[in-house]
Amino acid sequence: MSAPVIVLGAGPAGLAAAEAASASGQAVLLVDENNAPGGQIWRGGPQRWRDTRAAGLWTALRARPHVTWMAGARVVAPAGARALLLETADGALIQPWDKVIVCSGARELLLPFPGWTLPGVTCAGGLQALIKGGMPVAGKRVVVAGTGPLLLAVAATVREHGGVLVALAEHRDSGDLARFGARLALSHRGKLLQSLQLAARLRGVPYLRGAGVLAAEGSGRLERVLLRHRGREQALDCDFLACGFGLTPSLELATLFGCAVEQGRVLVDCAQRTSVQGVWAAGESTGIGGVDKALAEGRIAGLGAAGVAPQTKDLRVRGKAQAFADLLAQAFAPLPSLRAMCTDATIVCRCEDVVAADLAPHAGWRSAKLQTRAGMGPCQGRVCGSACAFLYGWEAPGLRQPVFPASAATLALPQAETQAETQAETQAQTQAETQAQTQRVDTLARAHPELPQQQTN
Ligand SMILES: Cc1cc2nc3c(=O)[nH]c(=O)nc-3n(C[C@H](O)[C@H](O)[C@H](O)COP(=O)(O)OP(=O)(O)OC[C@H]3O[C@@H](n4cnc5c(N)ncnc54)[C@H](O)[C@@H]3O)c2cc1C
């Protein structure tokens, strides 16, 4: 069997890629840092899935002996040419690769405002992930704020788990939302139906359109949120504030392979091939577009890696999903007015406690980093880099290896392996030389028995 196609990330894109690649008998290694497959939207593992697409893909993969599932393994760096360094709970390992599909998903765009570092304030999907992970919210008062369709999904999760939704505050105004709805009605009826179903689950929740977050307040932890709505300030008492301003592609893995990135997303061609030979990319890493885009792109990438051409239907499905992604990008791009949330005293780099007033005078990311240490903490600019790109128009910082924090033992592994290989090679060479010398001496002794015998070992 040929070397496995390695699929990095087991969200919708990764599951679809692994299924498509393995359908023709191609060996596949599916890797994810989470212990369960499903990515962001199907978080929590197969026992929790309600979406039949997730269950269908996973059942197919589990039935194929040539598919290997490696859970709890995070790719952190390259390990020489065409090998990856992975960290697991038990240690580290080096995985050679021939063909890889990067399905690394997205993270939330965090925009700073006064009080955003208080305990109780999370990003929107972050609160959803905590709830799905078992954090109780029954009886807790929750405000969901920001912009974009994820807010509805998060609010629905809060309500489903017994949380009390104080308000859902959307930054876009009624006009913007009506225009988005009309575009959905025209070309994406399925999506319109989904949003109406979500809205029905949120019946009775105050839905504030055109509302902006001013600050989160509390002594030691969140107690209230200040909003501006219809020209008036409002204070809403709450236990949690879940704030979402959209998503941004996770580029660490693509960067690790040296794939070209444009406008904050991995550049791919119509076959989902990246700029690097043998590397495909699919899902949110190539641009934010939701689960349908992730599934369609994953399938095309998986087929490509297995050497199978996609069918017209696959391309049509992806085209439709990409059109929805374009619509989302237009309808919910963070408005420039959101910059006003960040006051001079607002912390922007929360790892190094750097406030906006110290960052604003700089011309770019590099100078700000050198002078203030912004982006030099554990997140390495993953959070404040995107925030600064939005606030000041700075190009987000380039990522360094390792692309995720890793233990020293993990990082030492490639060197230890190289040393072990060199030692083994030297030993083998010495042995071969000794053998050759012994042979030469024996031959000499046989040819000239008159010579005195030599010690050869
Ligand atoms: C926090 C959050 C919540 C969301 N909630 C919803 C929702 O409720 N409803 C909805 O419609 N959409 C939601 N989305 C959007 C959703 O992510 C997409 O619609 C869809 O899941 C994208 O699929 P994907 O496969 O591209 O990425 P993901 O589902 O994000 O999967 C990427 C996978 O790659 C893995 N990975 C990344 N880097 C590494 C690494 N270095 N090593 C190993 N594994 C790695 C991750 O662990 C993850 O499992 C959410 C997004 C985010 C960020």
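Note that ligands are numbered from 1 as they come in the structure, with each ligand's atoms numbered from 1 the same way.
The shortest N or O to N or O distance between Ala282 and ligand 1 is not under 3.5 Å. Taking distance alone, with nitrogen or oxygen atoms compared against 3.5 Å, Glu284 approaches ligand 1 more closely than that limit.
Geometrically, Arg339 engages Phe390 in a cation-pi contact defined by less than 6.0 Å to the ring centre and at most 45° from the axis.
A ring-centre distance under 6.0 Å is found for Phe332 and Phe180.
Ligand 1 is never approached by Glu252 to a heavy-atom distance shorter than 4.0 Å.
With salt bridges taken as basic N to acidic carboxylate O contacts below 4.0 Å, one links Lys191 and Asp292.
With a heavy-atom cut-off of 4.0 Å, Val403 does not touch ligand 1 at all. Under 4.0 Å from ligand 1, the heavy atoms of Leu247 that appear belong solely to its side chain.
Taking Arg172 as the reference, Asp176 meet the side chain to side chain donor-acceptor pair (under 3.5 Å) condition, with sequence neighbours excluded.
The option from Ser104, Gly39, Ala10, Pro12 that lies nearest to atom 24 (P) of ligand 1, judged by heavy atoms, is Pro12.
Shortest contact from atom 36 (N) of ligand 1 to any protein heavy atom: Glu33 OE2, 3.7 Å. Of the protein's non-hydrogen atoms, Asp32 OD2, 3.4 Å is the one closest to atom 48 (C) of ligand 1.
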